[in-house]
Amino acid sequence: MKPTFSLRKTCISFNLLTLFLIIFVAIHYADDLSWSFIQPFQIIQQKPTSRQRENKTHVPFAVGETTGGCDVFDGKWVRDEVSRPLYRESECPYIYPHTCEEHGRPDRGYQNWRWKPHGCLLPNFNATFMWEMLRGKRMMFVGDSLNQGQFISMVCLLHSVIPENAKSMQKFDSLTVFKAEEYNASIEFYWAPYLLESNSDNAVIHRIPDRIVRAGAINKHAKHWKGVDILVFNTYLWWMTGAKMTILQGSFEDEKKNITKMETEDAYRMALKTMLKWVKKNMDANKTRVLFTSMSPSHKKSEEWGDEPGGNCYNQTTPIEDPTYWGSASSKGIMQVIHKVFSKMKVPITILNITQLSEYRKDAHTSIYKKQWTPLTPEQLANPLSYADCFHWCLPGLQDTWNELLYAKLFFP
Ligand SMILES: *[C@@H]1O[C@H](CO)[C@@H](O)[C@H](O)[C@H]1NC(C)=O
Ligand SMILES: *[C@@H]1O[C@H](CO)[C@@H](O)[C@H](O)[C@H]1NC(C)=O
Ligand SMILES: *[C@@H]1O[C@H](CO)[C@@H](O)[C@H](O)[C@H]1NC(C)=O
Ligand SMILES: *[C@@H]1O[C@H](CO)[C@@H](O)[C@H](O)[C@H]1NC(C)=O
Ligand SMILES: *[C@@H]1O[C@H](CO)[C@@H](O)[C@H](O)[C@H]1NC(C)=O
Ligand SMILES: *[C@@H]1O[C@H](CO)[C@@H](O)[C@H](O)[C@H]1NC(C)=O
Ligand SMILES: *[C@@H]1O[C@H](CO)[C@@H](O)[C@H](O)[C@H]1NC(C)=O
C-alpha cells in the first residue's frame with residue numbers, strides 16, 4: 001500500500017510546507033490511513049497543472065485511480081444475495097440460446113457471488129456513466145466464443161438504461177454490433193479465435209479438425225478493428241489441440257502450401273507478438289485503450305478439486321475454496337508467455353488477469369443447460385456428464401465479474 005500517492009494526487013497547492021506536511025503525514029500515519037481501504041476508488045479531478053507537475057502520462061478513459069496499488073485480481077469470492085446478480089436472465093434478451101435458467105438449471109447460487117479483492121473494493125458498475133464515457137466511441141471484443149460471452153455480458157450490463165427503440169443488435173458475418181443511438185456508441189464482437197488468420201475463421205462453420213494458423217497474418221481481420229477506441233482481445237482455447245500447432249507460411253491460396261509444425265507456446269507467442277506489432281502501429285496510446293483477457297479455465301476433471309473421479313462441472317453448485325487451486329486445463333506455460341510478452345512491450349496493454357479467480361468457479365459453467373446444436377443420443381441423455389459444457393459460463397454469472405474488472409481497469413487504472 002502506498003498512501004502517499006493518492007494523498008499527493010488530491011493536493012492542489014504545492015508549496016514546500018504542504019509537501020513537508022504530506023511527507024510527515026504519510027510517514028507517520030501510513031498504517032492509519034484505513035479510509036483508502038474503504039473508499040479505494042477515488043474520483044479525482046485531474047487538474048492539468050498538477051498532471052504536468054506529476055509528469056505522469058494521462059491514461060485515456062481514466063477518471064480516477066486504484067489507491068494503494070491494489071491488485072484487483074487478487075482476492076476471494078464472497079456470497080452476496082443482495083447485490084448479485086447485477087441483472088436477471090429474463091431481463092437480457094441477448095443471452096439466448098445460452099440461457100441456463102431457461103434450459104432448466106435448477107440452482108441459482110452461482111449468480112450470488114461477488115469478487116472481493118484483498119486490498120480494496122471494486123467500484124460499482126454504473127451503466128449510465130459507462131455510456132457517457134463511450135459517447136461517440138466504439139468498443140470491440142475480438143477473439144473466440146469466451147470473449148463473445150464477455151461481450152454479451154457487457155451488453156447485458158449496459159443495455160437496460162437504453163430505451164427499447166434506441167438500441168439494436170446486428171450481425172454482419174464475423175462482426176456483431178450492439179448500438180446505442182442516443183450515445184452514438186457501440187459495443188461489438190469480432191470472431192477471430194486465433195487473432196491471426198486461420199482456417200477456423202468462418203463465424204458459423206468453424207469446427208475444423210485440422211486447424212491451421214497463418215503465421216504473421218493479421219490484417220484480414222484487423223482491418224475490421226481499425227478506428228476502434230477500446231479493444232479487448234482474448235485467445236487461448238483454440239491453441240490447445242494437445243499437439244503441435246500447424247502453421248502456414250505464405251498464403252492459403254498458395255498452390256504448394258508451406259506448412260510447418262510449431263510448439264503450442266511458440267505459436268501462441270508468435271500470435272501475441274503479431275497482435276502487439278499491429279497495436280503499436282495502429283492504436284494511438286493517447287486516445288485508445290487495449291486490454292487482453294487471460295485464459296478462461298475449464299473444469300472437466302472432478303478429481304482435480306478432490307471429488308470422486310469421473311465427474312466434471314455438471315452438478316457443481318459451489319466454488320472451489322482452495323486459494324491455490326489451478327486445474328490441468330490451464331497451461332502455466334501459456335500464462336508465462338502472456339506475462340513475458342506483455343511485460344516487455346512498449347505499448348500499454350492492460351491484462352485482465354481473470355484466470356486464477358475463474359479457476360475457483362467450477363459451479364459457473366453452462367454445463368448441460370444450453371441449446372444443443374445436434375440432437376442428443378439416448379446414451380448421452382442417460383449420462384449428462386458426457387455432454388456437459390465445462391468451457392462456457394452461465395449469464396448472469398462469472399463473466400459479469402470479468403466486466404466489473406474491465407470497468408475498474410478502464411476507468412480507475
Ligand atoms: C518527465 O520526467 C523525465 C525524467 O525526469 C524527463 O526527462 C521528461 O522530460 C519529463 N517530461 C515532461 C513532459 O515533463
Ligand atoms: C494473476 O493473478 C493471480 C492472482 O492474484 C496471480 O497469482 C498471478 O501472478 C497473476 N498473473 C499475472 C501474469 O499477472
Ligand atoms: C451513475 O453515473 C451517472 C452519470 O455519471 C451519475 O449521474 C449517477 O449519479 C451515477 N449513479 C450512481 C448510483 O452512482
Ligand atoms: C458517431 O461516432 C463515430 C465514431 O464511432 C464518429 O465517427 C461520428 O462522427 C459520430 N457521429 C456523430 C453525429 O457524433
Ligand atoms: C517454409 O517456411 C519456412 C519458415 O519461414 C522457411 O524457412 C522455408 O524456407 C519455407 N519453405 C519453402 C519451400 O518455401
Ligand atoms: C501523446 O501525447 C503526448 C503529450 O501530449 C505527445 O508528446 C505525444 O507525441 C503523443 N503521442 C502520439 C502518438 O500522438
Ligand atoms: C447430482 O446431484 C444430485 C443432488 O446432489 C445427486 O442426487 C445426483 O446423484 C448427482 N448426479 C450426478 C451425476 O452426480
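In listed order, ligands and their atoms are each counted from 1.
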Once the angle between the rings of W115 and W77 is folded into 0 to 90°, is it parallel (under 30°), tilted (30 to 60°) or perpendicular (over 60°)? perpendicular

Measure from atom 11 (N) of ligand 3 to the protein's non-hydrogen atoms and state whether any distance is below 4.0 Å. yes

Please check if the side chain of R138 supplies one atom and the backbone of W225 the other of a donor-acceptor pair under 3.5 Å. no

Between H224 and Y190, how do the two ring planes meet: parallel, tilted or perpendicular, split at 30° and 60°? parallel

Which one of K257, M262, K256, Q249 has a non-hydrogen atom at the shortest distance from atom 4 (C) of ligand 5? Q249

For F73, atoms of ligand 2 separated by under 4.0 Å from a heavy atom: 4 (C), 5 (O)

Can you find a protein heavy atom closer to atom 7 (O) of ligand 5 than 4.0 Å? no

Quick one: does T288's side chain have a donor or acceptor within less than 3.5 Å of a partner on D284's backbone? yes

Report the relative orientation of the aromatic rings in Y268 and Y236; use parallel for angles under 30°, tilted for 30 to 60°, perpendicular for over 60°. perpendicular

Heavy-atom contacts with D74 under 4.0 Å: which atoms of ligand 2 show up? List them by number with element. 5 (O)

Give the atom numbers and elements of ligand 2 that come within less than 4.0 Å of a heavy atom of D71. 5 (O)

Would you say the side-chain atoms of K116 pair up with the backbone N or O of C120, donor to acceptor, closer than 3.5 Å? yes

Decide whether an N or O pair under 3.5 Å exists between N258 and ligand 5. yes

Can you confirm, on distance only, whether ligand 3 has an N/O atom lying under 3.5 Å from any N/O atom belonging to N126? yes

If you have a sec, work out which protein heavy atom is nearest atom 13 (C) of ligand 2 and how many Å separate them, to one decimal? H339 ND1, 3.3 Å

Relative to ligand 2, is I351 under 4.0 angstrom through side chain, backbone, both or neither, heavy atoms considered? neither

Quick check: does N353 get an N/O under 3.5 Å from an N/O on ligand 2? yes

Against heavy atoms of E132, which atoms of ligand 3 measure under 4.0 Å? 4 (C), 5 (O)

Can you classify the ring geometry of F412 versus Y407 as parallel (below 30°), tilted (30 to 60°) or perpendicular (above 60°)? tilted

Is K167 salt-bridged to E181, going by a charged N under 4.0 Å from an acidic O? no

